[in-house]
**Student:** 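Let me begin by handing over the structure; questions about it come next.
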Amino acid sequence: MSDPFRYEYPYPTPRLPVFGRNLVATSHPAAALAGLRMLLKGGNAVDAAIAAAAAMTIYEPVSNGLGSDAFCILWDGQQLHGLNASGPAPAGWTPGYFRRKYGDDVRTPPKRGVDSVSVPGAVAGWVALSERFGRLPFADLMEPAIEAAERGYAVPTVVGQKWAAAVAELNSLPGFAEAFLPSGRAPAVGELWRFPAAARTLRLIAETRGEAYYRGEIAAAIAAHVRAHGGVLGEADLAGFRPEWVTPIAKRYRDYTLHEIPPNGQGIAALMALGILSQFDLASMDVDGVDAQHLQIEAMKLAFADVYRYVSEPASMTCTANDLLDDGYLRERARLIDLKRAQDFRAGNPVKGGTIYLTAADERGMMVSFIQSNYMGFGSGVVVPGYGVSLHNRGHAFSLDDASPNVVAPGKRPFHTIIPGFLTKDGQPVMSFGVMGANMQPQGHVQTLVRMIDHAQNPQAACDAPRWRFNQGLSLNVESTMAPGLVEALAARGHCLEVIQDSYQDFGAGQFIWRLGDPAREGYVAASDPRRDGQAVGW
């Protein structure tokens, strides 16, 4: 496989791409090293990914924790596999349950608290990946995370800033202050942080291969804590959960194919946007020019209009993923784009008739794209005392509108934002990658892929380039590093722009591993986003 990139760096960046035969990339260097330890012990990319994921629950607790959900796409050396480890609603959740508690006008489950907590799936996802593809004993994979929780680490800059920003909203939620404000405040940047309660839980997970979490001591503690504060998530909800192996959905773009996890996630938005963009000759346009950026923005808006209208748990959708990805339908949607004017699009009719991401790759050819999240920074804000399990708030993504395909129901999974990405060419693996940040994720997939595929920018340059983020209507956020002339040109086309200084909050962060050829010889090139404290490591 030839290297398609120009190794030029037109954007300010503190780092260069990393080359190697065995690589791990994530948003905290120590977590990447945790994965690298597993590779050095003779483990594979799956072992490395699980160890890094477990370590990230300690190193970046703002974005994920032991009560997260997760998704994975991996190349096992022969074929792609997808894993959906997002948990369902408790058996007691119905629209009526929330209306009785919060009033008839409530539109969604609450943003925080025990009634935002659906079943956490990440730990079960680690176990499923280890059982099917891992080489090392599962307990070994938990060792770096346990050490980090017990010994502690100096809180990094971005994590410390986000931790402090969350205090006002979350400090009164059950268990939050005890777990994350032990001195009555958030730890300062550079301050030593230990998390012995999470170490206890990680040891139980290691000893029981996750059984204690879903059908034992930890499960009982989670259920008791939720019940004590008025929620209905129970031990039976946890005991009944199993992650689902799925076939990734895909869309061809130029000579490559992008693969995403199917609904209940939003990965299909990236596929739809690229299907729309394939109708245009982006390679002939200036990579940072207004025409190329305007087209990508409008394509994403069209995709989101349909995704927010139709995507939910597959059994509840009124159309299929194939309907939304139909070439003819996407051509119709592309014709709606006005090359000189921004628009507020509505859904079409396709039927005729605070997340962390990591990636790892090894010299045997295995590549792993993995993402896990507690959502919205510390998730629900609910933390199980004595166990350090910070529960996510994915239940907030349900609708309480009976006509919505995403309406809450017992045992149903909510619409999900976290999406691992995987790129192939001619049926062979090319890149495992992902971008963090709610609805920024498919937007980041599209922007970075266009840069790499249409404009031959290397992964680090594509990662470093200034990004935009569509919100709703004509509203758009752009990074402060975007050229003033481009900002002015987009505004002249009708985009309502706000220039944002806080790149972490609005524009995500990504990790990329691109295969250069035979993994045992040419290896890979990896990029890590400067928007967080990320790092790619390997040899």
**Student:** Taking the side chain as every heavy atom from C-beta outward, state whether Ile218 and Val123 have any pair of such atoms under 4.5 Å apart.
**Tutor:**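 Not touching, per the 4.5 Å side-chain cut-off.
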**Student:** Is the shortest side-chain heavy-atom distance between Arg469 and Glu498 below 4.5 Å?
**Tutor:**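 Arg469 does not reach Glu498 side chain to side chain.
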**Student:** I'd like to know whether Lys251 forms a side chain to side chain contact (heavy atoms under 4.5 Å, CB included) with Asp327, so could you lay out the CA-CA distance, the side-chain angles of the two residues, the decisive distance to 0.1 Å, and finally the verdict.
**Tutor:** CA-CA 9 Å; Lys251 193 69 181 172; Asp327 288 337; 2.3 Å; yes
**Student:** Is a side-chain donor or acceptor of Thr201 paired with a backbone partner of Tyr387 at a separation under 3.5 angstrom?
**Tutor:**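 Indeed, once roles are kept as given, a pair shorter than 3.5 Å links the two residues.
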**Student:** Looking at side-chain heavy atoms only, is the closest gap between Phe422 and Ser432 below 4.5 Å?
**Tutor:**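 Answer yes - side chains close enough.
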**Student:** Would you call His445 and Val435 a side-chain contact if the rule is heavy atoms closer than 4.5 Å?
**Tutor:**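 His445 vs Val435: side chains touch.
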**Student:** Between Arg467 and Glu479 (salt bridge meaning N to carboxylate O under 4.0 Å), is one present in this structure?
**Tutor:**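 Salt bridge absent between Arg467 and Glu479.
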**Student:** Hey, what do you get for CD (Glu60) to CG (Asn374), rounding to the nearest 0.5 Å?
**Tutor:**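 One finds 9.5 Å between CD of Glu60 and CG of Asn374.
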**Student:** For the atom pair CG (Leu497) and CH2 (Trp468), what is the distance rounded to the nearest 0.5 Å?
**Tutor:**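 Rounded to the nearest 0.5 Å, the CG-CH2 separation comes out at 11.5 Å.
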**Student:** Give me the ring orientation class for His294 and His495: parallel if the planes are under 30° apart, tilted from 30 to 60°, perpendicular past 60°.
**Tutor:**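 Correct class here is perpendicular.
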**Student:** Could you check whether the rings of Tyr308 and Phe304 sit parallel, tilted or perpendicular, using 30° and 60° as the cut-offs?
**Tutor:**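 Parallel, since the angle between the ring planes stays under 30°.
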**Student:** Ion pair present between Arg333 and Asp306, side-chain N to carboxylate O less than 4.0 angstrom?
**Tutor:**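 Judged by the 4.0 Å cut-off on N to carboxylate O distance, Arg333 and Asp306 do form a salt bridge.
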**Student:** Exactly one of Leu302, Leu330, Val446, Asp326 should register a side chain to side chain contact (heavy atoms under 4.5 Å, CB included) with Met272. Which one does?
**Tutor:**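 Going through Leu302, Leu330, Val446, Asp326 one by one, the side chain to side chain contact (heavy atoms under 4.5 Å, CB included) with Met272 is satisfied by Leu330 alone.
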**Student:** Evaluate the ring planes of Phe176 and Phe180, with Trp represented by its six-membered ring, and classify them as parallel (under 30°), tilted (30 to 60°) or perpendicular (over 60°).
**Tutor:**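 Correct class here is tilted.
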**Student:** Taking side chain to side chain contact (heavy atoms under 4.5 Å, CB included) as the criterion, tell me which of Gln441, His416, Glu260 meets it with Gln266.
**Tutor:**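 The option that passes is Gln441.
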**Student:** Assert yes or no for the condition that the ring centre distance of His81 to Phe133 is strictly below 6.0 Å.
**Tutor:**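 Judged by ring-centre distance (under 6.0 Å), His81 and Phe133 do meet the cut-off.
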**Student:** Within the side chain of Arg99, is there an N or O that forms a donor-acceptor pair under 3.5 Å with the backbone of Leu400?
**Tutor:**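 Here the side-chain-to-backbone pair exists.
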**Student:** Begin with the C-alpha distance, continue with both residues' side-chain angles, and end with the deciding distance and a verdict on side-chain hydrogen bond (donor to acceptor under 3.5 Å, both in side chains) for Tyr310 and Asp323.
**Tutor:** CA-CA 11 Å; Tyr310 295 111; Asp323 293 330; over 6 Å; no
**Student:** Would you say Gln372 and Thr57 make side-chain contact, with heavy atoms under 4.5 Å?
**Tutor:**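 Yes, their side chains come closer than 4.5 Å.
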**Student:** By side chain to side chain donor-acceptor pair (under 3.5 Å), which residues pair with Arg346, not counting sequence neighbours?
**Tutor:**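 Counting only residues at least two positions away or on another chain, Arg346 forms a side chain to side chain donor-acceptor pair (under 3.5 Å) with Asp344.
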**Student:** Drop me the distance from Leu83's CG to Ile261's CD1, to the nearest 0.5 angstrom.
**Tutor:**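 Atom-to-atom, Leu83:CG and Ile261:CD1 are 7.0 Å apart.
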**Student:** For a 4.5 angstrom cut-off between non-hydrogen side-chain atoms, does Pro88 reach Lys412?
**Tutor:**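 Heavy-atom side-chain distance check fails, nothing below 4.5 Å.
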**Student:** Under 6.0 Å between ring centres: does that hold for Trp126 and Tyr214?
**Tutor:**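 Aromatic pair excluded; centres sit 6.0 Å or further apart.
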